[in-house]
Amino acid sequence: MQKGLKMSLLLLLSVIMIALTACGSSSGQSKKEVTLDYLWFTDGIEGEVMKGLIKEYQDKNPNIKINLIEVAYKDLTTKLKTMLSGGQPPALARMTDTGAFANQAVDLTSYVDKTFTDQFVDSIKPYYVVNNKIIGAPMDLTANGILYNKTLFNKAGVKVPTDPNNVWTWDEYAAALKQVMEKGGAKYGMVWDFTPHRWSTLLYQFGGSMISADGTKPAINSPEGIQALDYFKKLHKDGIIPESVWLGSENPANLFRSGTVATHFSGNWNLSSYKDITNFEWGVTYMPKAKIRSSVPGGKYLMAFKGSKVEKEAAEFIKWATSKEINSRYNKDSLFISPRKDSAKLDYAFGKEMFEVFANELANTTPLAANDWSRQTVVPKFSNDLKDNIVKVLGGKATSKEALDATAKLIEKAIAEEGK
């Protein structure tokens with residue numbers, strides 16, 4: 001009888017062990033192994049930074065494999081369209097033109113908590129929230145702003161604003177540049193990138209916008225828009241900005257590098273590209289204001305796509321990549337501006353104070369700027385014409401009103417086509 005009891009106990013223990021082993025095996029395989037195709041382009045060093053983060057994520061999530069598909073930026077849109085039309089969308093993509101793919105994007109709303117969008121600077125919200133859907137998440141930011149030649153300013157005895165609450169007006173800025181030209185030996189006061197995106201900074205500062213706040217009609221030919229273009233022409237007429245950039249083919253970055261230009265109206269991406277300048281000292285100062293202060297936000301966003309069959313896993317990666325710790329590290333190591341409100345001041349290895357100036361410009365930017373430039377199904381249909389029309393004004397072939405009225409008609413047509 002004792003022997004029978006022992007046998008029964010042994011049998012019972014065996015059953016329990018088998019059950020426990022089965023449970024353990026089931027639990028270990030509860031997370032299916034999935035691959036996330038990640039469409040990616042690189043401008044600088046951020047590709048290597050992202051590869052390091054991907055390895056870190058995979059180590060923490062062994063069931064996830066992330067397949068980075070690297071393409072040149074100029075090929076990104078074509079590659080994505082091909083994948084979407086072929087029924088094989090990527091799980092993830094690094095994007096700039098978010099609005100153009102809003103209908104194909106996964107709505108992240110159900111995957112994130114209600115405070116998700118509150119983490120990021122307000123001015124960029126129109127880029128990734130479309131029709132109350134969260135179509136992506138911000139990864140890094142760009143900001144238009146001013147880089148200046150410290151050597152020339154010091155020689156002229158002109159001090160730049162150091163307090164964001166006490167910046168120059170445009171007239172004060174123009175007067176300061178004239179002084180640097182007269183006393184500091186600058187050939188030109190300012191070079192301005194030959195793009196409608198950079199010109200639009202002036203438009204927003206004068207209180208205008210390209211499209212109305214509700215997105216239904218053109219607004220570029222408002223009195224504020226005309227005033228902004230008139231002022232841009234005046235800066236050229238007064239010799240502060242050389243005609244050789246907007247009416248010629250000179251590269252503004254090359255002119256600034258020569259050490260003969262007081263300021264470059266460009267953006268934070270120059271911080272890394274100007275690191276090798278040794279013939280003069282340079283820095284970043286606050287942009288002047290007209291009616292308001294404003295920059296123009298740009299940047300890159302992480303998007304997930306419908307039909308990948310791994311939408312949940314893609315959303316989980318997006319939440320991780322845009323969290324404070326990971327996103328701050330990504331931007332610090334890549335020399336980018338973080339889109340997070342709690343990461344405006346990062347411990348950069350280079351240019352820490354300069355990045356903080358650009359971050360402050362973004363914090364004081366009108367939402368109308370992102371409202372305009374996020375409309376990537378509309379903006380490409382008139383942006384080149386806007387640039388051409390500005391050139392006509394600078395060349396004396398059209399008035400500001402005539403040029404902007406013509407642009408407004410193109411905007412009206414593009415908005416109408418978008419609605420069809």
Side-chain angles (χ1 to χ4, degrees), residues 40-54 68 70-74 76 94-96 121 124 138-153 160 190-195 197-198 201 245 250-287 295-302 321-322 326-340 343-363 365 373:
W40 176 269
F41 69 91
T42 295
D43 288 325
I45 60 173
E46 74 276 14
E48 292 306 309
V49 177
M50 178 52 67
K51 286 174 185 176
L53 292 178
I54 286 173
L68 203 64
E70 298 188 74
V71 296
Y73 177 68
K74 63 182 178 64
L76 177 71
R94 184 191 194 203
M95 300 296 299
T96 54
V121 294
I124 60 170
M139 276 296 286
D140 63 82
L141 287 183
T142 60
N144 294 349
I146 291 178
L147 301 99
Y148 76 105
N149 185 317
K150 284 187 177 182
T151 302
L152 293 178
F153 272 78
V160 301
M190 174 168 46
V191 285
W192 197 305
D193 288 353
F194 184 37
T195 78
H197 185 274
R198 231 73 77 238
T201 315
V245 175
E250 276 206 274
N251 184 311
N254 290 343
L255 284 171
F256 185 76
R257 280 179 169 277
S258 71
T260 61
V261 176
T263 59
H264 184 187
F265 203 100
S266 187
N268 66 284
W269 50 90
N270 288 115
L271 295 185
S272 56
S273 65
Y274 282 169
K275 279 175 68 177
D276 63 345
I277 291 177
T278 57
N279 53 319
F280 62 89
E281 283 190 82
W282 60 275
V284 172
T285 187
Y286 296 99
M287 287 189 289
S295 181
V296 181
K300 288 85 178 179
Y301 299 79
L302 262 183
T322 57
I326 303 305
N327 183 258
S328 298
R329 191 148 34 102
Y330 169 75
N331 283 289
K332 179 177 75 72
D333 294 346
S334 300
L335 294 180
F336 289 154
I337 300 172
S338 172
R340 295 185 59 91
S343 300
K345 295 184 179 183
L346 298 176
D347 191 20
Y348 295 101
F350 170 80
K352 181 179 177 181
E353 297 80 9
M354 294 187 279
F355 276 105
E356 288 177 11
V357 173
F358 280 111
N360 182 269
E361 298 285 17
L362 286 175
T365 291
W373 288 100

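Throughout, numbering of the chain's residues begins at 1 and tracks the sequence.
A donor-acceptor contact shorter than 3.5 Å is absent between the side chain of Glu356 and the backbone of Met354. In terms of modelled atom types and a separation under 3.5 Å, the side chain of Ser258 and the main chain of Leu255 share a donor-acceptor contact. Under a 3.5 Å cut-off, the side chain of Asn251 and the backbone N or O of Asn254 do form a donor-acceptor pair. Proximity of a side-chain donor or acceptor of Ser343 to a complementary backbone N or O of Arg340 within less than 3.5 Å is not detected. Thr365 contributes a side-chain N or O that, together with a main-chain N or O of Glu361, makes up a donor-acceptor pair within less than 3.5 Å.
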What verdict does the side-chain contact (heavy atoms from CB on, under 4.5 Å) test give for Asn360 and Tyr286, after you've listed the backbone C-alpha separation in whole Å, the side-chain angles of each residue and the deciding distance to 0.1 Å? CA-CA 9 Å; Asn360 182 269; Tyr286 296 99; 3.7 Å; yes
As a quick check of understanding, evaluate ring pair (Phe, Tyr, Trp, His ring centres under 6.0 Å) for Phe280 and Phe153, giving each step before the final call. CA-CA 11 Å; Phe280 62 89; Phe153 272 78; over 10 Å; no
Given the rule in the side-chain contact (heavy atoms from CB on, under 4.5 Å) test, do Leu53 and Ile326 qualify, once you have shown the distances and angles that lead to the verdict? CA-CA 8 Å; Leu53 292 178; Ile326 303 305; 4.0 Å; yes
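Geometric assessment of Arg94 against the ring of Phe41 yields a positive cation-pi assignment under the 6.0 Å and 45° thresholds. For the pair Lys275 and Phe350, the cation-pi test (distance below 6.0 Å, angle within 45°) is passed.
Proximity of Val261 to Met190: side-chain heavy atoms (C-beta onward) are nowhere separated by under 4.5 Å. Under the 4.5 Å side-chain criterion, counting only non-hydrogen atoms from C-beta, Asn149 is not in contact with Trp282. Inter-residue side-chain proximity for Met50 and Met139 is flagged as met; some heavy-atom pair is nearer than 4.5 Å. Counting only heavy atoms from C-beta outward, the side chains of Val357 and Thr285 never approach each other to under 4.5 Å. Using a 4.5 Å heavy-atom cutoff, the side chains of Asn327 and Arg329 are not in contact. You'll find the side chain of Leu76 reaches within 4.5 Å of the side chain of Met95, heavy atoms only. Within the 4.5 Å cutoff, no side-chain heavy atoms of Leu271 are placed close to those of Leu335. Residues Tyr148 and Val284 are not in side-chain contact: their nearest non-hydrogen atoms beyond the backbone lie 4.5 Å or more apart.
Judged by distance alone, the side chains of Ser338 and Tyr330 never bring a donor and an acceptor atom under 3.5 Å apart. A donor and an acceptor atom, one from each side chain of Thr142 and Asn268, are nowhere located under 3.5 Å apart. Judged purely by distance below 3.5 Å, without hydrogens or angles, the side chains of His264 and Asp193 pair a donor atom with an acceptor atom.
Between Phe355 and Phe336, the ring center distance fails the sub-6.0 Å criterion.
More than 12 heavy atoms of other residues, nucleotides or ligands sit less than 6.0 Å from atom CD of Glu70.
Of all non-hydrogen atoms in Leu147 and Phe256, the two that sit nearest each other are O-CE1, 3.9 Å. The minimum heavy-atom distance between Ile146 and Phe265, with the atom names listed, is CG1-CD1, 3.8 Å.
Applying the side-chain hydrogen bond (donor to acceptor under 3.5 Å, both in side chains) test between Thr96 and each of Trp373, Tyr301, Tyr73 identifies Tyr73 as the sole match. When each of Leu362, Leu141, Thr322 is paired with Pro339, the side chain to side chain contact (heavy atoms under 4.5 Å, CB included) condition holds for Leu141 and for no other.
Asp276 and Arg257 are joined by a salt bridge, as a carboxylate oxygen and a charged side-chain nitrogen come within less than 4.0 angstrom of each other.
Residues that satisfy the side-chain hydrogen bond (donor to acceptor under 3.5 Å, both in side chains) test with Lys300, not counting sequence neighbours, are Asp43. Listed by chain and number, the residues in a side-chain hydrogen bond (donor to acceptor under 3.5 Å, both in side chains) with Ser295 amount to none (sequence neighbours excluded).
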